[in-house]
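This is a predicted model, so every value here is computed, not measured. Each ligand, and each atom within it, is numbered from 1 in the order the structure gives.
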Amino acid sequence: TCTIAEPVQIEAGQPVKLKLGEQRLTLQCNIEEVSVLHFPMDIVSQAALVDETGQVFAPLRGARKSFVLPIGNYTVFLDITASRARYLSPQVDTAATAQFRNSIHLIMMSLFTGFCVALALYVGMLGRSIKNTGFYAYSAYITCAATFFVLQEGVLNAVLPYSVLLNSIENKLLFAGLTVVTAQRFIDRLLDFPTLLKPWPRNLLNVSALGVLMLAVVQLIVPFTFSIVLSQIMGTLTLMIIVGIILATVLAVKQQVHCARLVLLALCIMFVAMVLRVYLHELSPFLHRYALIIAVAIEALILAVAAAEKVKRLDEDKNRAYRRASMDPLCPVLNRRGWETAAQSVLDTHRTDGGYLCLIFIDLDKFKQINDTLGHATGDQTLAIVAQILNHLCRQQDLVGRYGGDEFVVLALCHTERQAERLLARINRRFSSLTINVDTLSIPIEASIGSQIVKAPQTDLAALLHAADMAMYEIKRTRRSPEVSADIQA
Ligand SMILES: Nc1nc2c(ncn2[C@@H]2O[C@H](COP(=O)(O)OP(=O)(O)OP(=O)(O)O)[C@@H](O)[C@H]2O)c(=O)[nH]1
């Protein structure tokens, strides 16, 4: 057993209120098995254990400050420099228990850090794929939060013991400030606060987050007593931001903003973990110690899922807008602009990958007559059905477009010349005896079809089109007969 005799008489493991600066705790030890005295370094900047003769105990390497207590009945003095006037609970465990706890701690923290790094990279790459920098805020947020917990939990003390940089409370607060500002930025983008909130509450959140960051930077450089006051203001401001973000998220859920429910769930988990942590001590020391880290990991995962959902939604919106702009309003094929843009990229692929380009130009014969005799509406339906037929004749990857009036174009990239010829033959065959049904009418359709099948790389789409167009006109000229022969039956 080990008791603290001064400044207060309590059992080791119970919290002792430290005062700011240097102080000495006296420990009365009656050790029957080699043990370890250990405590976290979050509010302690210096610590040394000395015996009554003034001999210094060498510390062990680990996340927490640790000293081996040999067997015997003796008094030792713990000389501590505290950077905050808070409670510290120096614990005494048998060497085996202390080592086990240290291993568990390193496993938990390694899992947590690895998980955070993987999520930060995943969401960062998602953001990059759609060129949306808002998602980098998630990566920055998770990285800062992970760094804060790694410093707070003293993980790096195992490799860089006694480093002032790693254990300074001011440096930890800098990462806490960065975590707040990046989290606020990310949720602002994810839930679209600019459109959700009125300018003043959004500006208040932005300014408060920047204020926290500013305080986190200033407290690094001002004298010690000032930095304590600044860190207290930081804490209050952070609490206000958390409440503000939760309220804004509730509003987003009410307005059915995409992903808002997931964000609210993540925030609730964090909030509950923060509150419950205080009461978990009796239930499970493990949960008391790691509840917040587990909650942060779950929160990070839920927010990553929300980010992925948002990326999917943005991508779908973009595709929909692109399709709207590039599809023909009448026929289920590309319009001229959309077809030309897509055709240009097929030409580029052909230049790098090789193969055969097959460009087919289709102009319906005597289409004017259908309009004139059956009406424009029937003409429209005829064009839409012809486009559907072309879609069925082509493969998924072929580009079918309406080039103008009653002209259609097809561009296919084929592996072999035979494949290109087969596609052309398929289209020729279908149009050689085509009758389509519009309402109760059977309308025979004829078309002049010109084509170009080329192996050589092409840079000039217009030239290729012109060649296919010329071939089509040549065919039209030979097919054209003086008498009008459309045989339209009711
Ligand atoms: N119903 C309908 N008709 C259209 C549309 N766009 C163009 N047209 C008509 O399609 C016809 C195309 O003209 P041409 O290709 O010169 O006429 P054609 O009768 O097919 O003559 P040939 O091609 O020489 O056989 C014109 O009468 C246009 O009014 C459309 O969106 N809907």
Side-chain angles (χ1 to χ4, degrees), residues 320-344 358-394 398-412 420 423-453 460-490:
R320 221 172 287 134
Y322 173 75
R323 281 182 71 80
R324 252 201 308 274
S326 58
M327 288 304 282
D328 190 89
L330 180 67
C331 304
V333 292
L334 293 164
N335 61 26
R336 182 174 179 154
R337 228 189 74 206
W339 184 87
E340 283 180 344
T341 309
Q344 197 57 58
C358 175
L359 178 62
I360 305 171
F361 207 112
I362 303 141
D363 186 298
L364 303 189
D365 292 338
K366 298 161 196 156
F367 184 71
K368 186 174 181 307
Q369 210 179 40
I370 297 176
N371 271 338
D372 291 348
T373 54
L374 302 174
H376 208 266
T378 307
D380 280 357
Q381 289 182 58
T382 307
L383 289 173
I385 295 172
V386 168
Q388 270 172 28
I389 291 171
L390 277 172
N391 273 338
H392 280 124
L393 291 169
C394 296
D398 300 336
L399 297 180
V400 184
R402 181 171 170 221
Y403 206 67
D406 62 348
E407 296 169 338
F408 293 89
V409 275
V410 172
L411 181 65
L423 173 66
L424 179 60
R426 223 168 29 239
I427 292 177
N428 268 319
R429 208 167 34 245
R430 190 77 177 90
F431 278 91
S432 64
S433 60
L434 177 62
T435 302
I436 62 172
N437 298 315
V438 177
D439 299 329
T440 54
L441 302 170
S442 289
I443 308 169
I445 299 289
E446 287 182 15
S448 302
I449 300 172
S451 64
Q452 287 288 301
I453 296 178
D460 192 352
L461 178 67
L464 198 63
L465 264 168
H466 182 70
D469 193 21
M470 285 298 106
M472 184 277 292
Y473 266 110
E474 198 48 46
I475 289 173
K476 195 171 277 272
R477 213 178 14 248
T478 56
R479 289 162 59 87
R480 203 169 265 160
S481 57
E483 77 280 348
V484 172
S485 63
D487 180 14
I488 301 161
Q489 295 156 4

Residue and atom name of the nearest protein heavy atom (relative to atom 3 (N) of ligand 1), distance in Å to one decimal: Asn371 ND2, 2.7 Å
Closest approach of any protein heavy atom to atom 22 (P) of ligand 1, naming residue and atom: Lys476 NZ, 3.5 Å
Closest approach of any protein heavy atom to atom 14 (P) of ligand 1, naming residue and atom: Asp406 OD2, 4.2 Å
Close-contact set for ligand 1 against Gly379 heavy atoms, below 4.0 Å: 1 (N)
Ile370 and ligand 1 - part of the residue with a heavy-atom distance under 4.0 Å: neither
Lys/Arg-Asp/Glu bridge criterion (N-O < 4.0 Å) met for Glu340, Arg337: no
Protein contact for atom 30 (C) of ligand 1 (heavy atom, distance under 4.0 Å): yes
Under-4.0 Å heavy-atom contact with ligand 1, by part of Leu364 that carries it: backbone
Identity and distance of the protein heavy atom lying nearest atom 24 (O) of ligand 1: Arg480 NH2, 2.9 Å
The one among Lys368, Lys366, His376 that brings a heavy atom closest to atom 25 (O) of ligand 1: Lys366
Whether Asn391 side chain and Val333 backbone form a donor-acceptor pair below 3.5 Å: no
Shortest protein heavy-atom distance from atom 7 (C) of ligand 1, along with the residue and atom involved: Gly405 CA, 3.3 Å
Minimum-distance protein heavy atom relative to atom 32 (N) of ligand 1: Asp380 OD1, 2.7 Å
Any donor-acceptor N or O pair under 3.5 Å, side chains Ser448, Asp365: yes
Nearest-contact summary for atom 5 (C) of ligand 1 - protein heavy atom, Å: Arg402 NH2, 3.7 Å
Where Asn335 and Ala325 come nearest, the two heavy atoms and their spacing: ND2-O, 3.0 Å
Protein residue, atom and distance nearest to atom 10 (O) of ligand 1, heavy-atom basis: Phe367 CD2, 3.2 Å
Main-chain N/O of Gly405 paired with Arg402 side-chain donor or acceptor, under 3.5 Å: yes
